[in-house]
There are 2 protein chains.
Amino acid sequence: MLHASYSTQRAPGLAKAKRTLKWQRDPEGMRLRILEAAKQEFSAHGLAGARVDRIAAKAGANKRMLYYHVGNKDELYLAVLEGAYDKIRSEERGLDLEHLDPPEAIRRLIEFTWNYFLRNPEFLSLLQTENLARAKHLKKSTKVKSMHSPFVEMIRTVVRRGVESGDFQVAVDPVQLYISIAALSFFYLSNSATLSVIFGRDLLDKKAKDERLAHMSGLVLAALTGRSAELLEIVKAPKSRGAVVQTV
Amino acid sequence: MLHASYSTQRAPGLAKAKRTLKWQRDPEGMRLRILEAAKQEFSAHGLAGARVDRIAAKAGANKRMLYYHVGNKDELYLAVLEGAYDKIRSEERGLDLEHLDPPEAIRRLIEFTWNYFLRNPEFLSLLQTENLARAKHLKKSTKVKSMHSPFVEMIRTVVRRGVESGDFQVAVDPVQLYISIAALSFFYLSNSATLSVIFGRDLLDKKAKDERLAHMSGLVLAALTGRSAELLEIVKAPKSRGAVVQTV
DNA sequence: ACAGTATTTATCCAACGGGTTAATTTCTCC
DNA sequence: GGAGAAATTAACCCGTTGGATAAATACTGT
């Protein structure tokens, strides 16, 4: 596949059996490189903005290869999307929330979500793109629908345990809770470009990110447990009487 | 501009002065119709997916008109974006949060934000699109940057009053707070298509929307005031001991 | 070693899309 | 009532892009 030609031994023992190959077969590797390149391209430019030729070039391949190994632009896009969901849900399964103290489990879910979004900005872009298309492609996927009920049950169990132990004062709907947790990170990061412009401050520098994580954890845990002061990232207020002030 | 021809009086008193005009002049109206059509098109298809010809058709105009009255595709897009920010910030100024009890002010801001996003789905799409472009266009705008500091100050004042009155237990950063409030509504609505698919339930039916608003208000106000049980939309739990359960 | 198949390259093309040019029509003001 | 400006229409240009076709090259089993 690589355009650079190279030498190889045709068979051991043949003295002058070296040949210059124009390309090498590697269907699996090619497919992976195509999907990776497509992920980059679709997340960077959206569905309509993505260019099939750029994907091919980035994959070190020929445009024809995309159609050969995956399919047309839409099928390629759906494959990328399914892969993205698969990856995050699979990492989430490793969180092991069942064996944590409920408040700790929620905190861990928040931190994981935040860090996952930070580490995988293409995931955010892909979801944005797909939502702009009103999930037209995702609806065709059979795989994706099934991966989410275990995840919801995991959260439901944590909430129930928290209520039973007295840590949580309310038994919120796990879907609402997860949507809220995802929302707090997702919106901040996916909209950081416009937010940084309108509020005139860089929301992605280290300090801002640390503050955001503290704010989100504080908000959710304070709401669940009813202990605002303990949970919000705080600092002694210089002039407000008795209340605490969140950093900046 | 309308393709349908019609009759008109050339001048009063001329008996047979009726003429069939092929089109009528209306520069201001044309500009408005172009911007409205462009808003629809850009929000429905994104920047790259939007079609200049479709915008023209929807505006009852000719493609050439867009360039004549507004500019090229990018300038058209920026004009739409600026108009969108202008509209929401202008409506927010009418909220009059200064004269409300602090918890009531926050609740009102949450409800306004939620309802505004519900009433103006194109606003959400436009922001998503612009963020996918990393705010490339918005950065060129001088108008937009200035409209936001009064808004932040408005929230800052509410928070300060809430802390001083003892209603709020923490003085959160107003920017963080607003981002969180916007996030809870924005993500739910802008991602409702994919979320509905993966969680297998319609997040936009009436019941779901009511529950969402209750959840968001409860979450934020509980965190600020520390009174979870009072503020979350609740229902007596059938089997959990003493705790309250959010509907569904 | 070689026939048959899998994989990759090299071109081609028709449709599309943003933008431009030039001609046409309406309006305004004297 | 007519000249010049403003607004609008109609037709065209040309690079881009997704997709297709055909030929070339590498690998596999026998």
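In what follows, every chain begins at residue 1, and chains take the letters A, B, ... in the order their sequences are listed. These numbers come from a predicted model, not from an experiment.
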Sequence neighbours left out, cut at 3.5 Å: what donor-acceptor pairs do the side chains of residues 43-53 of chain A make with other protein atoms?
| unit_1 | atom_1 | unit_2 | atom_2 | d |
| --- | --- | --- | --- | --- |
| A:Ser43 | OG | A:Lys39 | O | 2.9 |
| A:Ser43 | OG | A:Gln40 | O | 3.0 |
| A:Arg51 | NH1 | A:Ala48 | O | 3.0 |

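- B:Gln24 has its CD atom 13 Å from the C1' atom of C:dT25, to the nearest Å.
- Contacts of B:Arg93 classified as side chain to side chain contact (heavy atoms under 4.5 Å, CB included), with partners at least two apart in sequence or in another chain: B:Arg89, B:Ser90.
- Computed from coordinates, the A:Met30 CE to C:dA6 C1' distance equals 13 Å when rounded to whole Å.
- With pairs defined as Watson-Crick or G-U wobble and both atom distances under 3.5 Å, the stems of at least three pairs that touch DNA chain D come out as C:1-30 with D:1-30.
- Nucleotide D:dC27 holds its C1' atom 13 Å from the CD atom of A:Glu28, rounded to whole Å.
- The nearest whole Å value for the distance from the CZ atom in B:Arg31 to the C1' atom in D:dT8 is 17 Å.
- B:Lys143 NZ: 12 or fewer foreign heavy atoms inside a 6.0 Å radius.
- In the displayed structure, B:Arg134 atom CZ is contacted under 6.0 Å by at most 12 heavy atoms of other residues, nucleotides or ligands.
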Starting from the C-alpha separation in whole Å, work towards a yes-or-no answer on side-chain hydrogen bond (donor to acceptor under 3.5 Å, both in side chains) for B:Glu130 and A:Thr194. CA-CA 7 Å; B:Glu130 179 60 3; A:Thr194 58; over 6 Å; no

Show the numbers, then the answer: is there a side-chain hydrogen bond (donor to acceptor under 3.5 Å, both in side chains) between B:Ser180 and A:Arg212? CA-CA 10 Å; B:Ser180 292; A:Arg212 181 62 187 173; 3.0 Å; yes

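- If you take CE of B:Met65 and P of C:dG19, they are 15 Å apart, rounded to a whole angstrom.
- Going from atom CG of B:Leu76 over to atom C1' of C:dG19 covers 13 Å, rounded to whole Å.
- If you measure from atom CZ of B:Arg54 to atom P of C:dG17, you get 7 Å, rounded to the nearest angstrom.
- For the residue pair B:Gln176/A:Tyr188, the side-chain donor-acceptor check at 3.5 Å is not satisfied.
- With sequence neighbours excluded, the residues that form a ring pair (Phe, Tyr, Trp, His ring centres under 6.0 Å) with B:Phe186 are A:Phe187, B:Phe117.
- Put simply, B:His69 has a side-chain N or O that comes within less than 4.0 Å of OP1 or OP2 on D:dT8.
- When rounded to the nearest whole Å, the span between CZ of B:Phe42 and C1' of C:dG18 equals 12 Å.
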Find every protein N or O atom lying less than 3.5 Å from an N or O atom of nucleotides 18-20 of chain D, and list the pairs.
| unit_1 | atom_1 | unit_2 | atom_2 | d |
| --- | --- | --- | --- | --- |
| D:dG18 | OP1 | A:Ala50 | O | 3.0 |
| D:dG18 | OP1 | A:Arg51 | NH1 | 3.2 |
| D:dG18 | OP1 | A:Lys73 | NZ | 3.3 |
| D:dG18 | OP2 | A:Val52 | N | 3.1 |
| D:dG18 | N7 | A:Lys63 | NZ | 3.0 |
| D:dG19 | OP2 | A:Tyr67 | OH | 3.1 |
| D:dG19 | OP2 | A:Lys73 | N | 3.3 |
| D:dG19 | N7 | A:Lys63 | NZ | 3.0 |
| D:dG19 | O6 | A:Lys63 | NZ | 2.6 |

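- For A:Glu98, the side chain to side chain contact (heavy atoms under 4.5 Å, CB included) criterion is met by A:Asp96, A:Met154, not counting sequence neighbours.
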